[in-house]
There are 2 protein chains.
Amino acid sequence: MRSTPRTEAVPVPTPAASLVFTTVLSHGPLTRTGIARRTALSSAAVTKAVRPLMEAGYLVEGVDEESRPALGRPANPLRVDGGRALFIGVKVTGDEIIAVLADLCCRIRVARHLPLTARDPGAVLASITGLVQELLTEADGFGVEVRGVGLAVSGDVDRGAGVVRYSPFLDWRDVPLAELAGTVTGLPVTVDNDVRALTVAEQWFGAGAGISDFALVTVGAGIGCGLVVHGRVVSGAHGVAGEIGHLSIDPLGPPCHCGNTGCVEAIAGDAAIIRRVREVTGLPVTGSDQALDLAHRGDPGAREVYARAGEAIGRAIGAVVNVLGPQRVIISGEGLAAYDLFAEHIRDAFTASAFGTAAQCDVMTRPLPFEEWARGAAATAIQSFIGTDTQ
Amino acid sequence: MRSTPRTEAVPVPTPAASLVFTTVLSHGPLTRTGIARRTALSSAAVTKAVRPLMEAGYLVEGVDEESRPALGRPANPLRVDGGRALFIGVKVTGDEIIAVLADLCCRIRVARHLPLTARDPGAVLASITGLVQELLTEADGFGVEVRGVGLAVSGDVDRGAGVVRYSPFLDWRDVPLAELAGTVTGLPVTVDNDVRALTVAEQWFGAGAGISDFALVTVGAGIGCGLVVHGRVVSGAHGVAGEIGHLSIDPLGPPCHCGNTGCVEAIAGDAAIIRRVREVTGLPVTGSDQALDLAHRGDPGAREVYARAGEAIGRAIGAVVNVLGPQRVIISGEGLAAYDLFAEHIRDAFTASAFGTAAQCDVMTRPLPFEEWARGAAATAIQSFIGTDTQ
DNA sequence: CTTCTTTCATTGACAGCGGAAAAGAACCCA
DNA sequence: TGGGTTCTTTTCCGCTGTCAATGAAAGAAG
C-alpha cells in the first residue's frame, strides 16, 4: 500500500543537534542562549545546530512579543513547528484498538477507536492497518506527511527488535510486529510496551520533561509503572520492569492470578475492586462505574474497599521510591476516576512507607484521557524519528 | 601533613582513553582488537588511546604466551599495572574504622582496623587521619605513591559535594568530610555512601563487571541494596536509593525503628534475628554467632527465625527485580555467614515473588571479607582518579 | 627457503564537531 | 547620535576518532 518515498530524515546528524531539538521539544519556546544554558553547549554550537533544523522547517522562530526584559537585543525564542510532521500512535488492548494522529509536538489531531474481534496477529494487524489507513487519509487533509507509526502493546516487548515477545492479553508470543506493520504500511514502525510508551510521552511532553529520575504509576485494570532513571526509560534486562502490580504487600491478602497472594493488583486492580465491592455489599456490581458510584454515594463497604486499594497503591509507590529515590512520581490511569476515594490513603501509605529523605519525592497526579495510551505510542514514533538513542 | 606535590594526573583526557582504560581494568588482559570490539571504537582510536597510558606505565603488555590462536600475528594482550598507583579506602562504622591500601586493580595490599571511641566529626577525622598516615608509611615501602583516598560512610552522602548529609550511626549532619580530610591528608578525597561504594567495587572489579543492570544486596546489621542501572550507580534524587531494608513486606510483622511494621530489616537484620531467637528459644542469646550456632546445631526455633529472615530477604529481592528487572542480583554482606540457613528460603521467596521473565534474573552470592567495605571505598577513589564521570 | 595467508597493530591523511573570542545586530536610554 | 546591554553569528582553530593503507609477526604452503 502507498509507496512511501522514504522522505528525507530530520536533520539531526550530530549529537548536539539532537540535544538541541529534544530540548526545544520538551521545554517549549526557548531562546538560543537559553538552549545553550540548558544543554551546556556553546552558543556557537547552538547556532550551528539550529540552522539546518530551521531550514528544514522543524524549528521556527516564535515572534513572542511579550515578556521582554526591555534591555538589550530582544531574544528570538525558538519552538518546534508541530505541524511539520505527523505521526500515528496505536494502542492495542485485548478488545479494542485506539489510534491517534499526532503532530510533532505530540498533540492529538484525530483519534479513532476500533473494537477488536479476533486476537490473532493476523486479525489484529488487519485492524491496525485499517485504522492507520483511515488516519493516513485524515493526514492528507493536513497536507503533511506521516513520518512514523508507534504501536503500544502490553506485555514483554523488545523495542529494539520490534518484537512482541509475550503478551498475555493478546496471547501472542514472539510476533515481529514492527516488521509486519512496516511492510504493510510502508512507514517506519516502532513497537514498545504500553506503559513504557506512556512514560516516553510523559518524559518528553508531560510532567517528566526535564526530570532525569521519575516514575509513572498507572492505575486501572492493572497497576503498572514506567521508570526513568538517569534520563532513560528502564526496560529491564529481560524486558520486564516496573511490575509493581505484582509486588506482594500482604501475605494474607487475596490471591492473585500470578500465583502469589496480596499483590497490589489483586487489591487495587479494577477487577479486584469490583469483586470485593460485590462481596462486601452483596450487590450485583459488575463494572467500575457502578462500584465507583456506590462509593461516591457513601456506601461504607465500598468506600473501605477503595481505601484499602489506595493504601496498597501508596505502599507500592513507597516501595518504588525507597528503591529508586526518584524525584517525582506521576500517578495516572483510568483508575484515576476514583482518585478522590484513593488520594488520602495513597498519600498516607506512601508517607508511612517512604524512608528518610526519599519521602521528599514529589507525588502528583495527572488525568489520563482515553487516547493517552495511543499518544504514548505516537511519542515513541516521534522518538524514533528524531533518532535520539532514547537519550 | 605531607605536602603532596599534586602529582601528574592519569593521562585519560579523552572519553575514548577513559573508556579504554576502564575496559581493560574490568575485563582483564585484552588485546587491542578486543578492546576495539568491546568499546565499539576503531582500532586506530584504541592504538592512540593506549600509547600515553602505556608510556605513563598504567597499561603494560602481558606476554601471555598461552591461548594463541596459532594463526596470524600473535596478539599483545594489555592489562593494567596494578602496582603503578596505590589508593586508600576507609570504611567508617559507628564503632570501628577499617582502612585498606589497595592498588590500581583494587587488590588489597594492607588492611588496618581501629576501634572508634568518639563519634563526633573531629574525633573520627583524627582517627581516619591516623590510619591514613599509617597506610601512607606502608605505601612508601612499595615505592609507589598513593593517589587518592576514598571514604565510605553509611547514610545520606552527597558524593559530588563530598558532604555527609546525614548519618544516623554517627549522628552527623552536613559534614563536609571530603574537604576536611582533603586538607588534612593533602590527597584527593572521595566520599560516598558505603553501599554505593561496595557497588562500585563490584561494578568495576567484581561480579558486576560488564553488566549494565544489577543489584547488590547486603545482608548484615542492616539490609541494603546498591543499584546499577544503565551502567551507572543509582543515587536517588535525594541521595537515598536501594533502601530495601525498609520495604514493608508484612503489615502484621514486627515494628521497625523507622516507625513502620514488617520491614525487611525488622525481620532479617542482625538485631532482629538475635532478638527473635531469644524470644523463641528463651535463651540469653546476645550475638549473631550465638544465634547462628544455635541454628546450626539444629534448634528448630532458631532455624525458623532464619527461615523467616530468608523469606523476607527473598521477597525484598523479588521486589527489586520486579521493579528494575536487573540482569543479576549479587547477595553479600556479613550476614552471609548464615547463608546456608537462608539460601533455600531466599530462593523460594524470590522465585515466588518474581514476575514473568524477571525471574530469569541471575541471583548469586559472594562472600564478603571484612575489609570489603573499605575496598569499596578504595574503588571510589580509583574511579575519581581515572576521572570517568561514573560512566 | 621463499612466498602466501591470516591476524594484529600502526600510521597518516582527513572530516567535522564543538569551543573561544570577537564582531555584528537589535533594542533602550540618555 | 552615541553608549549600554543582551542576543546571535562568524571566523578560526584544536582536537578527536575514522578510513584506508601499510607494516609486523607468526604459521602454512609450495
Side-chain angles (χ1 to χ4, degrees), chain A residues 9-24 27-55 59-79 386-389, chain B residues 9-24 27-55 59-79 386-389:
Chain A
V10 68
V12 276
T14 105
S18 173
L19 190 58
V20 166
F21 191 62
T22 55
T23 303
V24 177
H27 299 281
L30 224 49
T31 71
R32 289 172 173 78
T33 356
I35 299 171
R37 249 199 321 276
R38 266 216 149 74
T39 57
L41 251 45
S42 70
S43 52
V46 173
T47 293
K48 281 184 254 185
V50 161
R51 197 184 342 265
L53 287 168
M54 283 192 66
E55 277 167 7
L59 289 184
V60 290
E61 285 186 331
V63 276
D64 178 29
E65 276 309 318
E66 65 257 31
S67 77
R68 179 104 49 78
L71 194 57
R73 170 175 172 176
N76 257 9
L78 294 163
R79 58 181 180 77
I386 294 173
T388 321
D389 292 333
Chain B
V10 68
V12 277
T14 106
S18 172
L19 191 58
V20 166
F21 191 62
T22 55
T23 303
V24 177
H27 299 281
L30 223 49
T31 70
R32 288 170 174 78
T33 9
I35 299 171
R37 250 200 317 278
R38 264 215 150 75
T39 56
L41 250 47
S42 70
S43 52
V46 173
T47 294
K48 280 185 246 183
V50 162
R51 192 178 356 257
L53 288 168
M54 283 193 66
E55 276 166 7
L59 289 184
V60 291
E61 285 187 329
V63 276
D64 177 30
E65 275 310 318
E66 65 256 28
S67 76
R68 178 102 52 76
L71 192 58
R73 172 176 170 174
N76 259 10
L78 293 163
R79 59 183 179 74
I386 294 174
T388 320
D389 291 333

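Just the heavy atoms: all of them, side chains too, but no hydrogens, waters or symmetry mates, feed the values below. Fair warning: this is a prediction, and the values are worked out from it, not measured in the lab.
Remark: C1' of dT9(D) and CG of N76(A) are 12 Å apart, rounded to the nearest angstrom. Between the CD1 atom of I35(B) and the P atom of dT7(C) there is a distance of 19 Å, rounded to whole Å. To the nearest angstrom, C1' of dC8(C) lies 9 Å from CZ of R32(B). Between L41(B) atom CG and dA9(C) atom P there is a gap of 15 Å when expressed in whole angstrom units. At whole-Å resolution of the value, CG in L19(B) and P in dT16(D) are 15 Å apart.
Considering CG of L53(A) and CZ of F21(A), their distance stands at 6.5 Å, rounded to 0.5 Å. Considering OG1 of T33(B) and CG of N76(B), their distance stands at 9.5 Å, rounded to 0.5 Å.
Taking five base pairs at each end of the helix from dC1(C)-dG30(D) to dA30(C)-dT1(D), the local helix axes there meet at an angle of 30°, rounded to 10°.
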Please list each protein N or O that sits under 3.5 Å from an N or O in nucleotides 19-23 of chain D, with the distance.
residue, atom, partner, partner atom, Å
dG23(D), N2, R73(B), NH1, 2.3

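Side-chain proximity of R51(A) to the nucleotides dT8(D), dT16(D), dT10(D) is greatest for dT10(D). Of the candidate nucleotides dT8(D), dT11(C), dG18(C), dG18(C) has the atom nearest to the side chain of A16(A). Nearest to the side-chain atoms of P15(A) among the listed nucleotides dA9(C), dG18(C), dT8(D) stands dG18(C).
Closest approach of A17(B) and A49(B) over heavy atoms only: CA-CB, 3.8 Å. Taking all atoms of both residues into account, the shortest heavy-atom contact from V24(A) to R79(A) is CG1-CA, 3.6 Å. A75(A) approaches T31(A) most closely through the heavy-atom pair CB-CG2, 3.2 Å. In terms of heavy atoms, R32(A) sits closest to V46(A) at O-CG1, 3.8 Å.
T47(A) comes within contact range of at least one nucleobase, with a heavy-atom separation under 4.0 Å.
Phosphate contact (OP1/OP2 of dT6(D), side-chain N/O of T33(A), threshold under 4.0 Å): absent. Remark: T14(A) is not in phosphate contact with dG16(C), judged by side-chain N or O atoms under 4.0 Å from OP1 or OP2.
Tested against L78(B), the residues I35(B), T23(B), L30(B) include a single side-chain contact (heavy atoms from CB on, under 4.5 Å) partner, I35(B).
Taking the side-chain contact (heavy atoms from CB on, under 4.5 Å) definition, one finds that A44(B) meets it with S42(B), sequence neighbours left out.
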